[in-house]
Amino acid sequence: MTSVENISFFQKVYAVVHKIPRGRVTTYGAIASYLGSKSSSRMVGWAMNHSHQADPGLPAHRVVNRQGMLTGKHHFGGNHIMQQLLENEGIKITDDQVMDFKKIFWDPGREV
DNA sequence: TTGCTGACCGACG
DNA sequence: CCGTCGGCCAGCA
């Protein structure tokens, strides 16, 4: 009742991403699953595409794919921008891949 | 109005 | 092991 409201699917996506603690990352599938549809992971990615204009300041760089790979790095206006942001939070990135991904992985609706 | 695409994931052959 | 396909919601031509 406090976590979910009468909002659209991708509106929830923004809410979850905003809840991601600093130094942590989550996945599209985790968010989609948290929303009730794991198959909607594509919509999560689509939502992030417009996140910059729909909700500026959204830590979309904390959202990666299931492999912990920075798939949407080129959507930040650069190729290493997303990596710089993650490293700025203490997250190590190697070959566009998050190190200790499982350790810094933040599960929405679980730790919250 | 119809159809396609999208920063994915999981299953099937 | 690797390639292919379906699924979910929303925006755009």
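The shown structure was predicted, so the numbers you read here are calculated from the model rather than taken from an experiment. The sequence lines fix the lettering, A, B, ..., with proteins before strands; numbering per chain opens at 1.
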Holding to side-chain hydrogen bond (donor to acceptor under 3.5 Å, both in side chains), I want the full list of residues that pass it with A:D96, two or more places apart in sequence or in another chain.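 Residues passing side-chain hydrogen bond (donor to acceptor under 3.5 Å, both in side chains) with A:D96: A:K73.
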Under the side-chain hydrogen bond (donor to acceptor under 3.5 Å, both in side chains) test, residues paired with A:T27 that sit two or more places apart: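 Expected list: A:R66.
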Taking only residues two or more places apart in sequence, or in another chain, which ones meet A:K103 in a salt bridge (charged side-chain N to carboxylate O under 4.0 Å, His left out)?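 With neighbours one apart ignored, the set is A:D100.
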So, using salt bridge (charged side-chain N to carboxylate O under 4.0 Å, His left out) as the criterion, who are the partners of A:K38 when residues are at least two apart?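 Partners of A:K38 under the salt bridge (charged side-chain N to carboxylate O under 4.0 Å, His left out) test: none.
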Return the [atom1] to [atom2] distance between [X] and [Y], rounded to the nearest 0.5 Å.
{"X": "A:W46", "Y": "A:S41", "atom1": "CH2", "atom2": "OG", "result": "14.5 Å"}
{"X": "A:Y28", "Y": "A:N65", "atom1": "OH", "atom2": "CG", "result": "7.0 Å"}
{"X": "A:H74", "Y": "A:N79", "atom1": "NE2", "atom2": "CG", "result": "8.5 Å"}
{"X": "A:D107", "Y": "A:S33", "atom1": "CG", "atom2": "OG", "result": "8.0 Å"}
{"X": "A:I31", "Y": "A:S40", "atom1": "CD1", "atom2": "OG", "result": "12.0 Å"}

Taking only residues two or more places apart in sequence, or in another chain, which ones meet A:W106 in a ring pair (Phe, Tyr, Trp, His ring centres under 6.0 Å)?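 With neighbours one apart ignored, the set is empty.
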Under a single-linkage rule joining Ile, Leu, Val, Met, Phe, Trp and Tyr whose side-chain heavy atoms are separated by less than 4.5 Å, which residues share a cluster with A:I93?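 Cluster partners of A:I93: A:V25, A:V64, A:L70, A:F76, A:I81, A:M82, A:L85, A:L86, A:I91, A:V98, A:F101, A:I104, A:F105.
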If the [atom1] atom of [N] is compared with that of [M], how far apart are they to the nearest Å?
{"N": "C:dC8", "M": "B:dC12", "atom1": "P", "answer": "16 Å"}
{"N": "C:dC2", "M": "B:dA7", "atom1": "P", "answer": "24 Å"}
{"N": "B:dG3", "M": "C:dG6", "atom1": "P", "answer": "16 Å"}

Looking at residues 83-92 of chain A, who's got a heavy atom less than 4.0 Å off DNA chain B?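 The stretch gives none, as no residue of it lies under 4.0 Å from the strand.
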Got a sec? Which of residues 93-102 of chain A come in under 4.0 Å of DNA chain B, heavy atoms?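 Heavy-atom cutoff 4.0 Å gives no residues at all.
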Has the side chain of A:Y14 got a donor or acceptor atom that lies under 3.5 Å from a matching backbone atom of A:A47?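 Yes: the side chain of A:Y14 pairs with the backbone of A:A47.
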Show me, pair by pair, the donor-acceptor contacts under 3.5 angstrom made by side chains of residues 50-62 of chain A, not counting sequence neighbours?
| from | atom 1 | to | atom 2 | distance (Å) |
| --- | --- | --- | --- | --- |
| A:H50 | ND1 | A:Q53 | NE2 | 2.8 |
| A:S51 | OG | A:M48 | O | 2.4 |
| A:H61 | NE2 | A:E89 | OE2 | 3.2 |
| A:R62 | NE | A:E89 | OE1 | 3.0 |
| A:R62 | NE | A:E89 | OE2 | 3.0 |
| A:R62 | NH1 | A:I20 | O | 2.9 |
| A:R62 | NH2 | A:E89 | OE2 | 2.8 |

With a 4.0 angstrom cut-off to heavy atoms of chain A, pull out the first and last contacting nucleotide of DNA chain C, in 5'-to-3' order.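 Contact span on the strand: C:dG7 to C:dG11.
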In the 5'-to-3' direction, what one-character label does each nucleotide of nucleotides 6-13 of chain B receive under the scheme B = base within less than 4.0 Å of a protein heavy atom, S = sugar-phosphate only, - = no such atom? BBBS----
